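Only a predicted model underlies this, so the values are computations on that prediction, with no experimental measurement involved. In each ligand, atom 1 is the first atom listed, and ligand 1 is the first ligand listed.
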Amino acid sequence: MYLMKDITRDGNPVLRKTAQDVTFPLSTADRQLAHDMMEYLINSQNPDFAQKHQLRAGVGLAAPQVGISKQMAAVLVPGPEDDPKNYELQIILINPVIISNSIQQAQLAEGEGCLSVDKDVPGYVPRSARITIRYQDMEGQTQRLRVKNYPAIVCQHEIDHLHGHLFYDHINLKDPFAMDPNTIIIS
Ligand SMILES: CNC(=O)c1cccc(C)c1Nc1nc(N2CCN(c3ccccc3Cl)CC2)nc(N2CSC[C@H]2C(=O)NC)n1
Ligand code: NI
């Protein structure tokens, strides 16, 4: 079970490296990694458990954030407020590649946070509103996933981690809240 002490923080070089491809069949360690990352997200989204263990809530976690420079990320986007466990997206992405993306952009109304970045970095993080991801599943089967809006933003944030990018790399430092008219604002 991961705790916040297991999460690498900005400044650790592992967060700025391109992670290594995962090979198949998955090793026991790789399977455990996938399980533990998803388990962290589930635990972090449980207010009582998160409070008890002082976990920051997240909807995505990439292997470099637990110090493992491998192309693997977990995404857990809750369902609606009244039924959060009816997840909008629950997936382990292995060797993910964004193979197409919309010109249309989207950004979170309140900017982005990251478990590996302790400071708040205000500003819009413009991303593609819709993307198609080619990835391998736990059995090594190549899959394609089309996502849009919030799940798309989360997937892009996590895939960025696999290439050594952090969310604030995308903030317009001259005008962090620059409003591009045809960018979808997601709240
Ligand atoms: C929708 N709220 C906003 O956007 C947002 C709103 C305000 C400020 C910021 C700064 C925001 N930004 C932001 N908020 C989140 N969380 C909101 C709370 N939530 C959560 C919290 C408690 C229980 C269950 C859950 Cl689910 C967990 C996720 N997550 C991300 N990111 C950027 S993409 C990867 C993802 C991530 O997991 N970061 C750790 N950004
Ligand atoms: Ni992050």
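Atom 12 (N) of ligand 1 is flagged as protein-proximal [any protein heavy atom, distance under 4.0 Å]. The presence of a protein heavy atom under 4.0 Å from atom 20 (C) of ligand 1 is confirmed. There is a protein heavy atom less than 4.0 angstrom from atom 31 (N) of ligand 1. Using a 4.0 Å threshold on non-hydrogen atoms, atom 3 (C) of ligand 1 does not count as touching the protein.
Using a 30° and 60° split on the angle between ring planes, H53 and F49 fall in the tilted class, from 30° to 60°. Aromatic ring orientation, F177 versus Y124: perpendicular (interplanar angle above 60°, classes split at 30° and 60°).
Sparse packing is recorded around CG of D120, with 12 or fewer heavy atoms of other residues, nucleotides or ligands lying under 6.0 Å away. Within 6.0 Å of CZ on R9 lie more than 12 heavy atoms contributed by other residues, nucleotides or ligands. Other residues, nucleotides and ligands contribute over 12 non-hydrogen atoms within 6.0 Å of the CD atom of Q104. Atom NZ of K52 has 12 or fewer heavy atoms from other residues, nucleotides or ligands within 6.0 Å.
Nearest protein heavy-atom neighbour of atom 16 (N) of ligand 1: Y150 OH, 4.1 Å. Here the protein heavy atom with the shortest distance to atom 10 (C) of ligand 1 is E110 O, 3.7 Å. Counting protein heavy atoms only, atom 18 (C) of ligand 1 is closest to A57 CB, 4.9 Å. If you check which protein heavy atom lies closest to atom 38 (N) of ligand 1, you get G113 O, 3.0 Å.
Of all the heavy atoms of E158, the ones lying under 4.0 Å from any atom of ligand 1 belong exclusively to the side chain. Looking at H157 against ligand 1, only its side chain comes within 4.0 Å, counting heavy atoms. Residue P47 does not touch ligand 1, judged by heavy-atom distances below 4.0 Å. By the criterion of a heavy-atom distance under 4.0 Å, the side chain of L108, and not its backbone, is placed next to ligand 1.
Side-chain contact between Q65 and E158: present, with at least one pair of heavy atoms (C-beta onward) separated by less than 4.5 Å. The closest side-chain heavy-atom distance from F167 to D160 is not below 4.5 Å. Here the side chains of D36 and V66 are not in contact, with every heavy-atom distance at 4.5 Å or above.
Here's the thing with V59: one of its N/O atoms is less than 3.5 angstrom from an N/O atom of ligand 1.
Under a 4.0 Å criterion applied to the non-hydrogen atoms of P78, ligand 1 contributes the atoms 26 (Cl). Within ligand 1, the atoms closer than 4.0 Å to a non-hydrogen atom of G60 are 37 (O), numbered from 1 in the order shown.
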- Item | Step-by-step side-chain contact (heavy atoms from CB on, under 4.5 Å) determination, R56 to I7 | CA-CA 10 Å; R56 267 188 68 186; I7 307 284; over 6 Å; no
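Q156 does not count as a contact of ligand 1, since none of its heavy atoms falls under 4.0 Å from the ligand.
Angle SG (C114) to the Ni ion (ligand 2) to NE2 (H157): 120°, rounded to 10°.
Residues V147 and V97 fall into different hydrophobic clusters, defined by Ile, Leu, Val, Met, Phe, Trp and Tyr side chains chained together at heavy-atom separations under 4.5 Å.
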